[in-house]
Student: 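There's a structure below that I have some questions on.
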Amino acid sequence: MKLNKASLLGLIAVLELADDPEQQLSTTDIAEKYDISTHHLAKVMRNLVHKGVVQAMRGVGGGYRFAGNPNRTTLLDIIQLFETMESELDLPHWSKAADPIISELQSITNEIDDVTKAILETITLSAALKNMHLRSEATKNNGASS
Amino acid sequence: MSNQLVIRNALPADLDAIISLDRTTPDADKPDYWRGIFEHYVVKGRADRIFLVAEKRGTVIGFIVGEVRAWEFGSPPCGWVFALAVSPDAREHGTGKRMWDEICRRLKKTGVTTVRTMANLDQKLTLSFLRAMGLRTGRYIELEKQLD
């Protein structure tokens with residue numbers, strides 16, 4: 001599985017905002033924190049607002065705020081705003097002789113896609129955030145004890 | 001009768017409540033299956049066979065069943081949780097987590113260090129719950145084939 005850039009930026013922004021639903025952050029705040037392109041992130045944020053995942057707050061101190069339910073929103077919900085998660089065989093043309101091979105390979109990639117989607121569809125933002133915090137805590141503790 | 005959620009060992013008298021909680025459609029009762037499970041896990045109880053229920057105000061609102069299995073598929077002894085249900089009315093109040101934590105505590109006491117379970121890919125709610133409990137895809141892959 002290779003996530004496209006927009007999916008990845010979308011996940012970063014949504015996880016950052018969902019970690020504290022009260023906080024409002026600008027595109028620049030998020031881009032600077034994660035050292036990512038403001039230009040790309042701005043396009044992603046417009047899509048997230050359009051789909052109702054985040055809310056754009058106007059005025060002084062404005063920015064973006066998470067607008068969903070982190071216990072109900074899954075990683076797949078965010079990724080599918082930007083891509084279909086269907087594997088494609090990078091072979092635009094093939095002869096009839098290749099049909100059986102292509103059919104078998106498509107059947108295998110479909111199997112892989114089903115499992116990948118099932119995993120991403122069952123990890124909520126809350127579960128991902130919890131794991132992130134546990135991992136950070138463990139890293140911090142390991143660092144302190146070494 | 002306590003308002004508090006109590007997680008306790010299942011008793012023979014809980015059988016009807018378990019059958020009812022497990023009923024997903026009117027014709028989906030499995031009384032013979034559950035009688036067999038009760039005989040094995042409740043009546044002939046052992047430390048490595050665990051059948052817990054969640055009770056609130058005298059009503060059974062959830063259950064979880066698991067045991068220690070050794071050397072199936074070549075695996076060293078590990079805990080298996082093979083049944084879990086919470087009444088739809090009682091969900092999102094931490095009942096599943098309390099039962100999960102308790103069965104893991106008891107499995108750990110028997111000496112195992114891993115717990116496993118399986119769920120249908122279509123059971124998104126169950127899979128999300130298990131993910132939230134910290135489970136990840138394991139090293140064993142379930143394979144199947146339709147028999148002609």
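These figures come from a predicted structure and were not determined experimentally. So you know, we letter chains A, B, ... as the sequences are listed, proteins then strands, and number each from 1.
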Student: Should B:V86 and B:L127 be regarded as members of a common hydrophobic cluster, given that ILVMFWY residues are connected when their side-chain heavy atoms come within less than 4.5 Å of each other, either directly or indirectly?
Tutor: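 Unlinked, B:V86 and B:L127 end up in two clusters.
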
Student: Going by residue number, which parts of residues 137-148 of chain B are within reach of chain A, meaning a heavy-atom gap below 4.5 Å?
Tutor: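 B:T137 fall under the 4.5 Å cut-off.
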
Student: With chain A as the partner chain, list the residues of residues 93-123 of chain B whose heavy atoms fall under 4.5 Å from it, by residue number, and write 'none' if nothing qualifies.
Tutor: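 Within residues 93-123 of chain B, near chain A: B:L121.
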
Student: To check you understand the geometry: which heavy-atom pair defines the closest contact between A:A127 and B:A132, and what is its length?
Tutor: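 Nearest heavy atoms, A:A127 then B:A132: CB-CA, 4.2 Å.
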
Student: Just checking A:E86: does its CD atom have more than 12 heavy atoms from other residues, nucleotides or ligands closer to it than 6.0 angstrom?
Tutor: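 Buried by this count: over 12 neighbours within 6.0 Å.
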
Student: Do B:F51 and B:Y33 belong together in a cluster built from hydrophobic side chains that touch within less than 4.5 Å?
Tutor: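 Both belong to a single hydrophobic cluster.
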
Student: Is it the case that over 12 heavy atoms from other parts of the model lie below 6.0 angstrom from the CD atom of A:E111?
Tutor: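 For A:E111, atom CD is not crowded (no more than 12 foreign heavy atoms under 6.0 Å).
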
Student: Are A:L120 and A:M132 connected into the same hydrophobic cluster when the rule is that any two of I, L, V, M, F, W, Y join if their side-chain heavy atoms are below 4.5 Å apart?
Tutor: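 As far as the 4.5 Å side-chain criterion goes, A:L120 and A:M132 are connected within one cluster.
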
Student: Check for me, please, whether A:V53 and A:V49 land in the same ILVMFWY cluster - side-chain distances under 4.5 Å, paths through other members count.
Tutor: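 Yes, A:V53 connects to A:V49 through the hydrophobic network.
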
Student: Among A:N131, A:I119, A:T74, A:T124, whose side-chain contact (heavy atoms from CB on, under 4.5 Å) with B:R131 holds?
Tutor: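 Of the listed options, the one satisfying the test is A:I119.
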
Student: Measure from the side-chain N and O atoms of B:K124 to the backbone N and O of A:T122, and report whether any donor-acceptor pair falls under 3.5 Å.
Tutor: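 No; judged by distance alone, with no hydrogens or angles, the pair does not exist.
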
Student: Does NZ in B:K30 sit with more than 12 non-hydrogen atoms of other residues, nucleotides or ligands closer than 6.0 Å?
Tutor: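 Enclosed: over 12 neighbouring heavy atoms sit under 6.0 Å from NZ of B:K30.
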
Student: Count the heavy atoms belonging to other residues, nucleotides or ligands that lie under 6.0 Å from NZ of A:K51, then report whether that count exceeds 12.
Tutor: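 No.
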
Student: Are A:L105 and A:W94 connected into the same hydrophobic cluster when the rule is that any two of I, L, V, M, F, W, Y join if their side-chain heavy atoms are below 4.5 Å apart?
Tutor: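 Same hydrophobic cluster.
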
